[in-house]
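Below is one structure, written out as structure tokens, with a few remarks after it.
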Amino acid sequence: MIRINENYLKLQSSYLFVEIANRVSVYQQENPEADIIRLGIGDVTRALPPACTQAFSQGVKEMAVDATFRGYGPEQGYDFLRDKIAANDYQARGADISSDEIFVSDGSKCDSANIQELFAGDIRLAIPDPVYPVYLDTNVMAGRTGEFADGRYDKILYMDSLPENGFVPNLPAQPVDLIYLCFPNNPTGASISGDTLKLWVDYARENKALILYDAAYEAFIRDRSLPRSIFEIKGAREVAIEFRSFSKTAGFTGTRCAFTVVPKTCMAYDGNGRKHSLHALWNRRHSTKFNGVSYPVQRAAEAVYSQEGKVQVQELVDYYLNNAALIRKEMATLGFEFAGGENSPYIWVNCMRDAWEFFDLLLKKAGVVTTPGPGFGKCGEGFIRISAFNSYTNVEKAMTRIREALGAELS
Ligand code: MLT
């Protein structure tokens with residue numbers, strides 16, 4: 001008899017964004033005429049930067065000719081891309097990262113989901129609440145949690161991110177081994193200062209812990225005082241792994257390219273307390289389970305670092321930040337408290353009522369899809385997340401409709 005991994009039975013319903021898509025689809029079927037504006041899942045809507053599409057199509061042309069055709073590439077990514085990433089994203093910002101510490105992949109979702117395979121089943125986990133659901137769900141699948149009760153899994157240290165702490169969790173009061181952090185944060189849009197991030201790095205060093213740092217939204221940072229990488233923080237090379245993505249930076253959600261940085265100095269321990277290189281373990285895992293990102297896609301990603309590419313990417317991100325500013329303005333006018341939207345594409349709105357009810361109201365009365373906060377954790381109760389990824393015209397339309405819907409509700 002083939003038996004299942006019963007940890008899957010502990011998972012809560014379907015994956016958050018699938019659940020939302022299902023609800024929207026049911027509504028759309030019942031109301032075929034409804035014009036729905038999607039500010040839910042953070043999916044980009046604008047075309048790839050021209051520098052990327054040119055490099056992409058050049059890559060495809062090379063694949064069409066025997067002399068320049070490429071078969072399997074290096075699992076870790078081509079040097080032409082890894083070198084550009086190391087130089088531009090790290091060395092230029094004073095972070096000591098070399099190109100062979102970069103693992104190119106097809107997404108930060110997969111990498112942040114898969115990384116937990118390297119660690120023992122009984123490590124102590126610290127996970128923010130609210131949180132990008134992938135970190136939690138993949139640890140549930142791996143059996144690192146107990147049962148789910150009252151909105152939380154047993155055996156996880158949840159780190160509350162609330163208005164009181166500016167949505168930046170406090171250091172754990174008890175020792176933990178693996179810490180997930182994401183800044184600019186998904187879902188709250190909060191950012192972290194270098195001084196605060198240093199406290200986390202120091203904590204990890206003191207406790208022989210490891211920080212998994214998701215920096216998928218770093219391109220949205222406009223405040224120059226904020227760190228864009230954990231490796232800008234002294235001491236992080238020994239205790240952190242960073243996830244980065246071209247998805248939100250350069251519109252690659254459908255094209256798929258990302259990377260994970262595992263410094264060679266980053267260690268974890270076996271049952272006898274002996275040190276092991278996480279770089280070596282991840283390399284082993286990556287080359288066993290992954291065959292690399294396609295050549296044209298890596299060429300398209302490389303173009304992000306060309307002179308034109310940099311200008312175009314900045315323009316792309318500015319466009320979404322301009323949408324975010326409009327959402328912030330409208331939420332303020334309507335009297336809501338909110339976070340994010342300044343160095344982030346997400347606005348985290350205190351909706352002052354049940355979040356799923358508010359989600360339904362916005363869907364049915366305004367035709368606007370948002371993401372209900374409880375989908376990201378218990379601390380998301382009473383919040384919704386609004387994404388700035390859409391056209392300016394649609395965001396404007398959505399804000400007008402929300403104002404009218406709430407006006408009608410209040411009158
Ligand atoms: C989100 O909406 O939180 C993101 O789009 C999810 C993702 O990047 O996988």
Side-chain angles (χ1 to χ4, degrees), residues 11-24 36-46 48 105-116 127-139 141 161 167 180-191 212-220 242-260 293 301 316-317 320-321 323-324 327 339-341 343-349 355 359 362-363 368-377 379-380 383-390 394-395 398:
L11 291 166
Q12 298 311 293
S13 62
S14 56
Y15 182 61
L16 172 62
F17 294 107
V18 174
E19 163 79 25
I20 292 169
N22 289 343
R23 286 191 184 217
V24 174
I36 293 173
I37 300 174
R38 289 177 164 77
L39 304 179
I41 190 167
D43 193 6
V44 294
T45 56
R46 295 192 75 204
L48 292 170
S105 77
D106 62 351
S108 284
K109 181 182 189 175
C110 328
D111 286 352
S112 63
N114 292 328
I115 195 89
Q116 48 75 32
I127 295 190
D129 181 353
V131 73
Y132 178 45
V134 171
Y135 316 151
L136 187 59
D137 284 0
T138 52
N139 278 291
M141 293 169 180
S161 306
F167 301 101
Y180 286 82
L181 292 178
C182 170
F183 290 105
N185 187 259
N186 180 13
T188 67
S191 41
L212 298 177
Y213 194 73
D214 185 346
Y217 297 92
E218 59 77 34
F220 290 81
E242 179 164 288
F243 305 101
R244 289 270 192 113
S245 171
F246 295 99
S247 283
K248 316 295 157 81
T249 307
F252 273 56
T253 53
T255 307
R256 310 307 306 152
C257 197
F259 57 93
T260 290
V293 174
L316 192 59
V317 171
Y320 294 124
L321 282 171
N323 289 352
I327 298 169
N343 295 289
S344 155
Y346 297 129
I347 297 90
W348 186 242
V349 182
F359 166 87
L362 295 183
L363 176 63
V368 176
V369 182
T370 56
T371 309
F376 298 102
C379 291
F383 288 85
I384 55 151
R385 190 192 75 175
I386 307 181
S387 152
F389 292 115
N390 212 311
N394 273 349
V395 171

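Quick note: residue numbers are just sequence positions, from 1. When a ligand or atom number is given, it counts from 1 through the structure's own listing order. Below, all heavy atoms of this structure are taken into account, side chains as well, without hydrogens, waters or symmetry copies.
- Atoms of ligand 1 found under 4.0 Å from any heavy atom of Gly42, numbered from 1 in the order shown, are 1 (C), 2 (O), 5 (O).
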Test side chain to side chain donor-acceptor pair (under 3.5 Å) applied to Ser112 and Asp214, step by step: CA-CA 8 Å; Ser112 63; Asp214 185 346; 5.0 Å; no
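- The atoms of ligand 1 that sit less than 4.0 Å from any heavy atom of Phe17 are 1 (C), 2 (O), 3 (O).
- The aromatic rings of Tyr217 and Phe220 are tilted relative to each other, their planes meeting at an angle between 30° and 60°.
- Ring orientation note: the planes of Phe246 and Phe259 are tilted relative to one another, at an angle of 30° to 60°.
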Is there a side chain to side chain contact (heavy atoms under 4.5 Å, CB included) between Phe243 and Ile115 once you walk through the steps? CA-CA 10 Å; Phe243 305 101; Ile115 195 89; 3.9 Å; yes
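- At least one N or O atom of Tyr132, backbone or side chain, sits closer than 3.5 Å to an N or O atom of ligand 1.
- The closest side-chain heavy-atom distance from Tyr346 to Thr188 is not below 4.5 Å.
- Near Ile41, meaning under 4.0 Å from one of its heavy atoms, ligand 1 places the atoms 2 (O), 5 (O).
- No close placement of the Phe383 and Phe376 rings is indicated, their centers lying 6.0 Å or farther apart.
- Contacts of Phe376 with ligand 1, taken as heavy-atom pairs under 4.0 Å, are absent altogether.
- For atom 4 (C) of ligand 1, the nearest non-hydrogen atom of the protein is Lys248 NZ, 3.4 Å.
- Ligand 1 lies out of reach of Asp43, whose nearest heavy atom is not under 4.0 Å from it.
- If you look at Asn186 next to ligand 1, the close heavy atoms, those under 4.0 Å, all belong to the side chain.
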